[in-house]
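I have placed the structure first, in the form of structure tokens, so that the comments after it can refer back to it.
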2 protein chains.
Amino acid sequence: MSSPQYARIKVALRQRIETGALCPGDRVPSENQLVGEFGVSRMTARRALLELAEEGLLERTQGLGTFVADRRPVSSITQIRNIAEEIHQRGHCHACRVLALEAVLADATLAARMGLAEGEPLFHSVLVHLENDQALQYESRHVVAQLAPAYLEQDLARVTPSAYLSAVAPLTEADQTVEAVLPSPAQAEALDIGPDQPCLKITRRTFSHRGVVSLAELVHPGDRYRLGSHIDS
Amino acid sequence: MSSPQYARIKVALRQRIETGALCPGDRVPSENQLVGEFGVSRMTARRALLELAEEGLLERTQGLGTFVADRRPVSSITQIRNIAEEIHQRGHCHACRVLALEAVLADATLAARMGLAEGEPLFHSVLVHLENDQALQYESRHVVAQLAPAYLEQDLARVTPSAYLSAVAPLTEADQTVEAVLPSPAQAEALDIGPDQPCLKITRRTFSHRGVVSLAELVHPGDRYRLGSHIDS
DNA sequence: AATGCTATCTTGTATATACAGGTATATACA
DNA sequence: TGTATATACCTGTATATACAAGATAGCATT
């Protein structure tokens with residue numbers, strides 16, 4: 001039950017970019033070169049390149065080749081999971097901290113929004129992600145207590161969604177929406193912004209085959225995100 | 001120089017969904033059925049299904065099949081091009097109007113942002129899209145005059161980006177970013193909202209092989225958009 | 001020097017094929 | 001009735017192959 005080969009190639013290429021072995025503008029091995037290097041068929045190598053291009057990490061031009069995308073001006077909003085992870089990928093993890101403002105067992109007053117039975121016990125944590133002492137994200141996360149019993153014992157400042165999710169089920173998916181909001185007083189204070197500073201709020205419902213696992217609200221001031229660029233027909 | 005076969009299949013399937021021949025929850029022809037119906041290989045049929053699923057129009061489950069996704073609660077933000085088009089797809093086009101507030105030949109004071117030579121002549125139009133007399137989107141669009149000479153002669157209330165873009169070049173792409181903003185006074189007035197109502201602003205740079213074609217800013221109050229849901233590894 | 005051609009590398013599209021693994025239904029058995 | 005088992009169908013992964021089409025460098029011709 002090993003991971004697919006195209007995933008292996010994606011990981012390898014991502015590493016070369018993160019470690020600096022491949023820099024923005026650099027040419028990435030061509031499909032045929034990857035065939036030789038990884039011993040796969042061209043279509044498999046191609047899939048790895050296509051998916052990385054879809055994420056915005058690579059840029060491909062017919063006839064020319066595949067290149068590491070210019071330092072993405074902004075993150076791709078379809079990929080956002082956790083500012084901490086994002087920052088880590090940008091390479092200044094050293095200046096990144098996470099503050100856990102709150103972590104308690106709450107009752108499911110928001111059961112309806114999560115599609116749960118009323119009264120289902122939930123863990124609620126509020127995190128603030130900082131870089132160079134500047135707050136970048138306010139994160140409010142509700143997790144179904146039954147599915148992640150050790151949630152509160154973890155170091156919430158370090159745990160990423162994938163960490164506690166992988167403990168729940170092999171198969172997870174997420175539903176995300178964005179909207180523009182004004183920060184609540186608590187959010188404005190935690191982010192050190194004025195009450196008039198508009199923010200992007202991303203609401204993410206994560207679920208496995210057992211149902212909803214968590215509901216997270218990510219609020220960021222001032223960030224700007226790249227969107228996909230489909231132009232069909 | 002016909003369009004690819006997978007695109008043909010996508011169009012056909014999209015039509016069946018838009019016309020109601022296929023409803024949410026309905027089973028879509030399987031890969032092998034499409035092979036028989038369109039006379040293509042399974043991989044080609046597969047590509048059509050995969051891309052429609054990526055857009056959120058279909059849902060696929062291994063072993064089960066492919067189904068028309070439940071009426072998407074909100075639009076996919078990666079697909080936004082024009083609220084008018086969006087509304088048309090939702091099926092209440094009758095209540096939709098577009099007001100052209102302004103349409104002039106402007107000079108390229110924003111040349112830098114578009115990557116153009118200073119002084120390059122641009123058309124500037126400001127449109128407001130309404131549904132049931134309620135403003136849904138404020139659109140400010142700058143178009144390189146040289147590449148769309150007849151731009152001002154068109155019925156701006158009807159023209160979609162694809163209309164004037166197709167006149168320019170066969171190959172176009174777009175770059176999009178989102179951010180949260182407070183509306184400018186003019187925007188607030190046009191949208192009939194208060195100055196404190198946070199809005200999503202989508203900035204879209206469209207370009208062809210000849211360079212940047214247009215720069216559009218779409219401002220919507222109160223809308224909420226679906227995001228893609230990648231969960232890798 | 002400028003033009004045009006060709007060889008070669010790249011990605012894009014398409015086909016045919018094979019097997020793995022998930023899902024549901026029908027069948028046979030206890 | 002309830003439980004296995006076999007089967008058919010579906011999507012997921014992977015290979016091998018072919019040709020189309022864009023980009024580039026070098027060479028030959030004008």
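Letters go in sequence order (proteins before strands), and every chain restarts at 1. Being a predicted model, the structure only gives us computed values, none of them experimental.
- One can place CZ of B:F67 at 12 Å from C1' of D:dC9, the figure rounded to the nearest angstrom.
- Applying a 4.0 Å cut-off to non-hydrogen atoms, the residues of residues 28-42 of chain B that approach DNA chain D are B:S30, B:E31, B:R42, listed by residue number.
- One finds no side-chain N or O of B:Y6 lying less than 4.0 angstrom from the OP1 or OP2 phosphate oxygen of C:dA14.
- Here the side chains of A:F123 and A:H142 are not in contact, with every heavy-atom distance at 4.5 Å or above.
- When side chains are defined from C-beta on, B:L122 does not count as touching B:V143, because their heavy atoms never get closer than 4.5 Å.
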**Study point:** Dot-bracket summary - DNA chain C, pairs being Watson-Crick or G-U whose distances fall under 3.5 Å, with | when paired to another strand
**Key:** ||||||||||||||||||||||||||||||
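- For B:E59, the side-chain contact (heavy atoms from CB on, under 4.5 Å) partners are B:A69, not counting sequence neighbours.
- Under the rule for a side chain to side chain donor-acceptor pair (under 3.5 Å), the partners of A:E31 that lie at least two apart in sequence or sit in another chain are A:R42, A:R46, A:R60.
- For the side chain to side chain donor-acceptor pair (under 3.5 Å) criterion with B:S140, the lone passing option out of B:H124, B:K201, B:E217 is B:H124.
- A 4.5 Å side-chain heavy-atom check between A:T44 and A:L34 finds every atom pair outside the cut-off.
- The side chain of B:R47 contributes an N or O atom lying less than 4.0 Å from OP1 or OP2 of C:dT13.
- For B:R16, the salt bridge (charged side-chain N to carboxylate O under 4.0 Å, His left out) criterion is met by B:E37, not counting sequence neighbours.
- When rounded to the nearest whole Å, the span between CZ of B:R8 and P of C:dT13 equals 14 Å.
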Between the protein and nucleotides 23-25 of chain C, are there any N/O to N/O pairs under 3.5 Å, and if so, what are the atom names and distances?
{"residue": "C:dT23", "atom": "O4'", "partner": "B:G63", "partner atom": "O", "Å": "3.4"}

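- Side-chain atoms of B:V126 and B:Y138, non-hydrogen and from C-beta on, do get closer than 4.5 Å to each other.
- In this structure, B:R46 does not reach the D:dT11 phosphate: none of its side-chain N or O atoms is under 4.0 Å from OP1 or OP2.
- Between A:E59 atom CD and D:dA23 atom C1' the separation is 16 Å, expressed in whole Å.
- Looking at A:L57 and A:I17, their side chains come closer than 4.5 Å, going by heavy atoms from C-beta outward.
- Looking at which nucleotide of DNA chain D each of A:T44 and B:R27 is closest to, the 5′-most match is held by B:R27.
- Within the 4.5 Å cutoff, no side-chain heavy atoms of A:L200 are placed close to those of A:V219.
- The pair B:R14-B:E18 does not meet the salt-bridge criterion, since no charged nitrogen lies less than 4.0 angstrom from a carboxylate oxygen.
- Here D:dT13 presents its P atom at 14 Å from CG of A:L50, a figure rounded to the nearest Å.
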